[in-house]
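Scroll down for the structure; my scribbles are underneath it.
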2 protein chains.
Amino acid sequence: MDGPVLSQSCALSLTCCADGGSLLSTKAPQVSGVRVQLEMHALWQQFDQLGTEMIVTKTGRRMFPTFQVQISGMDPTAEYVLLMDFIPVDDKRYRYAFHSSSWLVAGRADVAAPSRMHFHPDSPARGAQWMKQTVSFDTLKLTNNLLDDNGHMILNSMHRYQPRFHVVYVDPAPNSHLNAYRNFSSFSFHETRFMAVTAYQNHRITQLKIASNPFAKGFRTADPQDCW
Amino acid sequence: MDGPVLSQSCALSLTCCADGGSLLSTKAPQVSGVRVQLEMHALWQQFDQLGTEMIVTKTGRRMFPTFQVQISGMDPTAEYVLLMDFIPVDDKRYRYAFHSSSWLVAGRADVAAPSRMHFHPDSPARGAQWMKQTVSFDTLKLTNNLLDDNGHMILNSMHRYQPRFHVVYVDPAPNSHLNAYRNFSSFSFHETRFMAVTAYQNHRITQLKIASNPFAKGFRTADPQDCW
DNA sequence: CTCTTGACACCTAGGTGCGAACTT
DNA sequence: AAGTTCGCACCTAGGTGTCAAGAG
């Protein structure tokens, strides 16, 4: 497991567990009480049940659904940096079997793509600012270009990833780097896992994207099957 | 006169004069050396020669040309807030005489609109960040709605205004507010003055807007008179 | 009469999946 | 055969001046 696993209904209690128990005392008070709730979790779960796929392109592609969270429990006056990264779910490469409509292991993972952090563009900001409205990572883009210099997140196609969200308290104290491990808290939502692809494999994923992403409205039909 | 008057070719030397002479020593070193250069000054001057008009609407309208500046002389590591405001050029209300194609005084100014400051959305940021590229106020909007709650700049139609630009050093020292007057520097560019209007009065202004604003391309003709 | 408002056609800017062409 | 790339039509989102209608 890569960090705490959260699901829709119990997100708050489980994020609590991330720093809970005997470990609580090792975290700074500015982050120990932070709670994070995933927005659009119903949509995320709908995708997750089919096996979420995210397109990666050379120039960079947005995620859909967008990763958005509601935050509580920050120190309103303290300064925080918010960021995301993506970690491989396993060390496997996959391929899609159309005849059985399922993903099969196709060998060991390719060499790992350069690991990057995506800082939320409003960083740094005070807790009060982050908490007063949904925090959206809608400008984050995924690419399969190993040489990307636009600051996009580099992923290997046909590999599975788990998005991670990090809350970092900007400690004004001198030598605060010595306590760096105390000043951040990380959150993972199981239903946001996805397969990186250059073209959609599962036709039902395509249909759900078309049905739910406003920018794909041009591909919608009057067919009531839209909702599938 | 409302602050230093700057024109195209001597912007640097004249902004220098803003804090120049015996007053120089009264400003904090973080702002005393700041220099500001107006971008697109050739276009601004073209408008100014005709008598610039800016549309104000209930929902808010962007300025065109956009107010953009190139900054130098900041302390790269110091933190600054950048902001704009608009001050009445005089206490007069105007009307446009179509037969003579000129603006006439139409009495005393209306009651002053609520005076607001527009903070550049990237504020606060370090000097190095502000200086490394053009600072643009393209999201700033003008409105004639006295009850506006979208944070737009409220102006009276048929009144003349002078945009002002302020550089404020964020002084980390305790009780820095006691020295607040030392920590900012203001800049006015004469060629950015304009008349606020709800509809364009001078037809040549309309034509120059159509010719130079990309969003008005739909109104361009193949006529070579475009450049007038 | 002067001035303001709002619906409108026409743009810019950029996010979609499609499907043919390309690569391996 | 499997996977990637790219131009495209079709959208969202929102910035233009126009013009007819409205307000005072």
Side-chain angles (χ1 to χ4, degrees), chain A residues 53-66 93-99 103-104 106-107 110 138-146 150 152 155-159 195-221 226, chain B residues 53-66 93-99 103-104 106-107 110 138-146 150 152 155-159 195-221 226:
Chain A
E53 299 174 24
M54 294 286 179
I55 298 280
V56 291
T57 69
K58 201 170 172 179
T59 56
R61 194 78 150 193
R62 287 192 186 180
M63 295 175 65
F64 188 88
T66 302
R93 180 188 173 83
Y94 291 86
R95 69 181 186 85
Y96 191 72
F98 287 93
H99 59 85
W103 288 94
L104 306 177
D110 299 342
D138 52 359
T139 61
L140 185 154
K141 290 192 176 184
L142 309 179
T143 184
N144 58 344
N145 181 6
L146 298 173
N150 297 305
H152 299 152
L155 304 179
N156 281 323
S157 183
M158 299 299 171
H159 290 60
M195 190 75 71
V197 295
T198 57
Y200 291 126
Q201 304 296 311
N202 183 346
H203 190 60
R204 299 178 71 184
I205 287 291
T206 312
Q207 292 311 306
L208 186 52
K209 296 255 184 177
I210 290 174
S212 51
N213 187 334
F215 288 109
K217 189 176 282 184
F219 299 100
R220 292 182 194 169
T221 63
D226 272 3
Chain B
E53 300 175 23
M54 295 285 178
I55 298 280
V56 291
T57 68
K58 201 171 173 180
T59 56
R61 194 77 150 193
R62 287 191 187 180
M63 294 175 67
F64 187 89
T66 302
R93 180 187 173 83
Y94 291 85
R95 70 181 186 86
Y96 191 72
F98 286 93
H99 60 85
W103 288 95
L104 306 178
D110 298 341
D138 52 359
T139 61
L140 185 154
K141 290 192 175 183
L142 309 179
T143 184
N144 59 343
N145 180 7
L146 298 173
N150 297 305
H152 298 151
L155 304 179
N156 281 323
S157 183
M158 300 299 171
H159 291 60
M195 190 75 72
V197 295
T198 58
Y200 291 128
Q201 304 296 312
N202 182 345
H203 190 60
R204 299 178 71 183
I205 287 291
T206 311
Q207 292 311 305
L208 186 51
K209 296 255 183 178
I210 290 173
S212 52
N213 188 334
F215 287 110
K217 188 176 284 185
F219 300 100
R220 293 182 192 168
T221 63
D226 273 2

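Note on naming: letters A, B, ... go to the chains in the order of the sequence lines (proteins, then strands), and numbering restarts at 1 for each one.
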Subject >> Which residue lies more 5' along DNA chain C, comparing Val197(B) with Arg61(A) via nearest heavy atoms >> reply: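 First, find each residue's nearest nucleotide; the 5'-ward one identifies Val197(B).
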Subject >> DNA chain C: 5'-proximal contact among Tyr96(B) and Pro214(B) (nearest heavy atom) >> reply: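 Going by which nucleotide is closer to the 5' end, it is Tyr96(B).
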Name the nucleic acid region contacted by [X], choosing base, sugar-phosphate or nothing; use a 4.0 angstrom heavy-atom cut-off, strictly under.
X	answer
Arg95(A)	sugar-phosphate
Ser157(B)	sugar-phosphate
Thr206(A)	sugar-phosphate

Original post:
Which letters describe nucleotides 19-24 of chain D, given B = protein heavy atom under 4.0 Å from base, S = only from sugar-phosphate, - = neither?
Top reply: ------
Original post:
So does Lys141(B) get a side-chain nitrogen or oxygen closer than 4.0 Å to the phosphate oxygens (OP1/OP2) of dG15(D)?
Top reply: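 Yes.
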Original post:
What is the minimum heavy-atom distance between Ala106(A) and Tyr94(A), and which atoms define it?
Top reply: CB-C, 3.9 Å
Subject >> Minimum-distance pair of heavy atoms, taken over all atoms of Ile210(B) and Arg220(B) >> reply: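 That would be O-NE, 2.8 Å.
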**OP:** Look only at the side chain of Arg61(B) and the backbone of Val56(B), and say whether a donor-acceptor pair between them is shorter than 3.5 Å.
**Re:** no
Original post:
Is the backbone N or O of Ser157(B) less than 3.5 Å from a side-chain atom of His159(B), with the two atoms forming a donor-acceptor pair by type?
Top reply: yes
Subject >> Test salt bridge (Lys or Arg N to Asp or Glu O under 4.0 Å) applied to Asp110(B) - qualifying residues, sequence neighbours left out >> reply: Arg93(B)
Original post:
Listed by chain and number, what are the salt bridge (Lys or Arg N to Asp or Glu O under 4.0 Å) partners of Arg95(B), not counting sequence neighbours?
Top reply: none
Atom [atom1] of [X] and atom [atom2] of [N]: how far apart are they, to the nearest Å?
X	N	atom1	atom2	result
Met158(A)	dT4(D)	CE	C1'	9 Å
Leu140(B)	dG15(D)	CG	P	13 Å
Ile205(B)	dG17(D)	CD1	C1'	14 Å
Leu208(B)	dT16(D)	CG	P	14 Å
Leu146(A)	dT5(D)	CG	P	10 Å
Leu142(A)	dT5(D)	CG	C1'	17 Å
Lys209(A)	dC10(D)	NZ	C1'	18 Å
Gln201(A)	dG3(D)	CD	C1'	8 Å

Original post:
How long is the gap from CG on Leu146(A) to CG on Asn156(A), to the nearest 0.5 Å?
Top reply: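 Rounded to the nearest 0.5 Å, the CG-CG separation comes out at 6.5 Å.
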Sequence-distant partners of [X], side chain to side chain contact (heavy atoms under 4.5 Å, CB included), two or more places apart:
X	result
Tyr200(B)	Glu53(B), Ile55(B), Val197(B), Ile205(B), Thr206(B), Lys209(B)
Thr139(B)	His118(B), Pro121(B)
Thr143(A)	Asn145(A), Asp148(A), His152(A), Ile154(A)

Original post:
First and last nucleotide of DNA chain C touching chain A, 5' to 3', heavy-atom cut-off 4.0 Å?
Top reply: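 Both ends considered, the range comes out as dG14(C) to dC18(C).
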**OP:** Apply side-chain contact (heavy atoms from CB on, under 4.5 Å) to the pair Arg62(B) and Leu140(B), showing each step before the final yes or no.
**Re:** CA-CA 6 Å; Arg62(B) 287 191 187 180; Leu140(B) 185 154; over 6 Å; no
Original post:
Taking only residues two or more places apart in sequence, or in another chain, which ones meet Tyr96(B) in a ring-ring contact (aromatic ring centres under 6.0 Å, His included)?
Top reply: Phe98(B), Trp103(B)
Please write out the pairs of protein N or O atoms and N or O atoms of nucleotides 6-9 of chain D separated by less than 3.5 Å, giving the distance to one decimal.
none

